[in-house]
J.: 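Before anything else, here's the structure in question.
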Amino acid sequence: MSIESFYEYPAGVALSRFLEGLRLGRLIASKCSACNHMIIPPRAYCLKCYRPIKEYQIIGEEGRIVTYTRSLINIEGKPANPPVTWVFVKFEGVDGGLLHVLDSTINPQIGMRVRPVFREQRIGSILDIKWFTAV
Amino acid sequence: MDIWIAGVGEIPCKPSYDGMDFREMLYNAAVKAYFDAGITPADVDGVVSSGMDFYEGVSITDSYTPDQVGGRLKFNTLVSNDALNAFIHGCMLLKTGHFRTILVTAYARASNILNYPEIVLNSFDPYVIRPLTPHLYTVAALDARAFLINSGCEVRDLSLVVVKNKRNALRNPSAAFAENTSVEEVESTEVVSEPLRRGHVAVPCDYAAVILLTTEKGLGKVRVEAFGYAVGSHSLDFSLKAWGQSRWARAAIDMAFKQTRRRRFDFLEISEPFAHSELMVLDALGLVRESVCKTLRDGGFNIDGHLPVNPSGGCIGMGYPLNAAGLQRLVQSVNLLRTGRWESCLVASPDGEVVDGGAAVMLSVEV
């Protein structure tokens, strides 16, 4: 027996800012006006002092690889052909970070400086970033 | 108020219990626990079920549990995440003084899940992670890479963990994946996501366990000396994840240390969905003087080492029963303590393969 389930989640105030930023080809973080803590993806409340967030800022695109892997399987557990390189990227002065894929021609290293490459056609999705590539 | 384990029951891990449903599996485990404790369902005041609806795909677990474990019309509640949380919930219920005996259950029907990686994907952030469709091994591999770099360990150390646990499992009749294997054999398995090989991954299994907790010293077999937990730090978009670290383990053991003076244990049981999971927890716990990798290579974590880790075989040797892993570790610990070889142990279990959360329980036989 198969039962299909359909859900539609509102992204919320903060994440909607982030997704709109992606549509415009920018990275948006939240900034706490009380303690200046910044985080990406943005939150509607400060994780440090719990105050409501009123400020969202475009951040610099350049980040650094914190960890990486070359994955030989896809989500179905079947061989990924070609293999996909995954990275987690953190940005200077900003807490949090982004999981994404890396340009397959790049040989990753921890600490490597990278930047996102945006697609020409963007819809307000994490997939608006085609991949990260070396700076 | 002291809490005791009065009895334990389990059915052995198997890749699949064909023809048996989860209620029948739990019934068989419960009958063994009642026999072990020397009590009947009439003596039980309440039931705490560990359950993850995502994994089960049936309904809310506590609605399906009481009948088969003798808990009909008794206090009944469900605790999510790893089963150690349900166990700790049971301990806290007893500490209220309103209960005398609590039954804790957990089971896994991994063989029911036809698309496990996609099920796990659905537990991640729907906007930032799910569209990218990472396999859970991919996320685990990011952790493994960061751990190896930060700790100075090598991929070979992951294989050493596998060899140790699979060999330990040869002594355990409940283990499904016991094997006298070698580092070379583990490293001949396919790479799934660098640096992880197929052999570094604990294979999901079917399993059921029941533990009877009591405040009655006369019924007690093993004492629950302390417990701790660390939840709420996990971010579903991984933005706050400390890659390569099990910070939850340090927080959980620090909470437990406030309840006991004990700082040394005769052995550890750690749920390890991946080989590096065991090393990450050990690194966070800080119970050995030298580096985790050096201690591993020197045999310090072997069953005859100075701090045996997963003498039961762990999840790699026994099979990984999803959220039931914590109760699997506890049942093995109770059985090992009752052999008379050891007097105390620490049990630690994460709330999932790639989750920054988990719990720890300290047991002893100092009656």
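Proteins come first, then strands; the chains are lettered A, B, ... in the order of their sequence lines, and each starts at number 1.
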J.: Given heavy-atom pairs under 4.5 angstrom as the criterion, report whether the side chain, backbone, both or neither of B:Ile149 touches chain A.
T.: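 For B:Ile149, the side chain is the part near chain A, not the backbone.
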
J.: Which atom pair, heavy atoms only, marks the closest approach of A:Asp95 to B:Leu240?
T.: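 Heavy atoms of A:Asp95 and B:Leu240 come nearest at OD2-CD2, 4.2 Å.
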
J.: Using only heavy-atom distances, determine whether the side chains of B:Ser193 and A:Thr69 contain a donor-acceptor pair under 3.5 Å.
T.: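 There is such a pair (donor and acceptor under 3.5 Å, judged by atom type) between the side chains of B:Ser193 and A:Thr69.
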
J.: Please check if atom OH in B:Tyr229 has more than 12 non-hydrogen atoms from other residues, nucleotides or ligands closer than 6.0 Å.
T.: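 No, because the 6.0 Å sphere around OH of B:Tyr229 holds 12 heavy atoms or fewer from other groups.
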
J.: Below 4.5 Å from any heavy atom of chain A, which atoms of B:Tyr137 appear? Answer side chain, backbone, both or neither.
T.: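 Interface part for B:Tyr137: side chain.
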
J.: Any side-chain to backbone donor/acceptor pair from A:Thr67 onto B:Leu142? Under 3.5 Å, distance only.
T.: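 Yes, the answer is positive, given that a donor and an acceptor are paired below the 3.5 Å cut-off.
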
J.: Is chain B contacted by the side chain of A:Leu99, its backbone, both, or neither, given a heavy-atom distance below 4.5 Å?
T.: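 Both the backbone and the side chain of A:Leu99 come within 4.5 Å of chain B.
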
J.: For A:Arg51, look at atom CZ and say whether over 12 heavy atoms of other residues, nucleotides or ligands are found less than 6.0 Å away.
T.: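 It does not: A:Arg51 CZ has 12 such atoms or fewer within range.
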
J.: Of all heavy-atom pairs between B:Pro117 and A:Ile75, which one has the smallest distance, and what is that distance?
T.: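 So the two residues come closest at CB-O, 3.2 Å.
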
J.: Considering only heavy atoms, which portion of A:Leu15 lies under 4.5 Å from any heavy atom of chain B: side chain, backbone, both, or neither?
T.: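 Contact with chain B is through the side chain of A:Leu15 alone.
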
J.: Is atom CD of B:Glu184 surrounded by more than 12 heavy atoms (other residues, nucleotides or ligands) closer than 6.0 Å?
T.: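 More than 12 heavy atoms, drawn from other residues, nucleotides or ligands, come within 6.0 Å of this atom.
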
J.: Rounded to the nearest 0.5 Å, what separates atom CD1 in A:Ile73 from atom CG in B:Leu196?
T.: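 Answer for the CD1-CG pair, A:Ile73 versus B:Leu196, is 9.5 Å.
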
J.: When heavy-atom pairs shorter than 4.5 Å are enumerated against chain B, which of A:Pro41, A:Ser125, A:Pro83 gives the highest number?
T.: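 Most heavy-atom pairs within the cutoff with chain B belong to A:Pro41.
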
J.: Can you measure from CZ (A:Phe88) to CZ (B:Phe238) and round to the nearest 0.5 angstrom?
T.: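 Atom-to-atom, A:Phe88:CZ and B:Phe238:CZ are 9.0 Å apart.
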
J.: So which part of B:Leu132 gets closer than 4.5 Å to some heavy atom of chain A, the side chain, the backbone, both or neither?
T.: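 Backbone plus side chain of B:Leu132, per the 4.5 Å heavy-atom cut-off to chain A.
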
J.: Which pair of heavy atoms, one from A:Tyr9 and one from B:Arg130, lies closest together, and at what distance?
T.: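 So the minimum-distance heavy-atom pair works out to OH-NH1, 3.6 Å.
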
J.: Rounded to the nearest 0.5 Å, how far does NZ of A:Lys78 lie from NE2 of B:His135?
T.: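 B:His135 NE2 to A:Lys78 NZ: 11.5 Å, rounded to 0.5 Å.
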
J.: Evaluate whether atom CD of A:Glu62 has more than 12 neighbouring non-hydrogen atoms of other residues, nucleotides or ligands under 6.0 angstrom away.
T.: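 Yes.
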
J.: Non-hydrogen atoms of chain A under 4.5 Å away: do they reach the side chain of B:Pro134, the backbone, both or neither?
T.: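 Contact with chain A involves both backbone and side-chain atoms of B:Pro134.
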
J.: Give a yes or no on whether A:Glu120 atom CD has more than 12 heavy-atom contacts from other residues, nucleotides or ligands under 6.0 Å away.
T.: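 Counting neighbours around CD of A:Glu120, 12 or fewer heavy atoms of other residues, nucleotides or ligands fall under 6.0 Å, so no.
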
J.: As an exercise, state the distance from CG of A:Leu47 to OG of B:Ser235, rounded to the nearest 0.5 Å.
T.: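 The OG atom of B:Ser235 is 9.0 Å from CG of A:Leu47, to the nearest 0.5 Å.
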
J.: Quick one about A:Arg43 and B:Ser239 (side-chain donor to acceptor, distance below 3.5 Å, no hydrogens or angles considered), yes or no?
T.: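 There is such a pair (donor and acceptor under 3.5 Å, judged by atom type) between the side chains of B:Ser239 and A:Arg43.
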
J.: Go through B:Thr133 and A:Asn74 one step at a time and tell me if the side chain to side chain contact (heavy atoms under 4.5 Å, CB included) criterion holds.
T.: CA-CA 8 Å; B:Thr133 67; A:Asn74 63 21; over 6 Å; no

J.: Please assess B:Tyr127 against A:Leu19 for the test side chain to side chain contact (heavy atoms under 4.5 Å, CB included), listing each intermediate value before the final yes or no.
T.: CA-CA 9 Å; B:Tyr127 284 99; A:Leu19 296 172; 3.6 Å; yes

J.: Between A:Leu72 and B:Val191, what is the shortest heavy-atom contact and its length?
T.: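 Nearest pair, atom of A:Leu72 first, then B:Val191: CB-O, 3.8 Å.
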
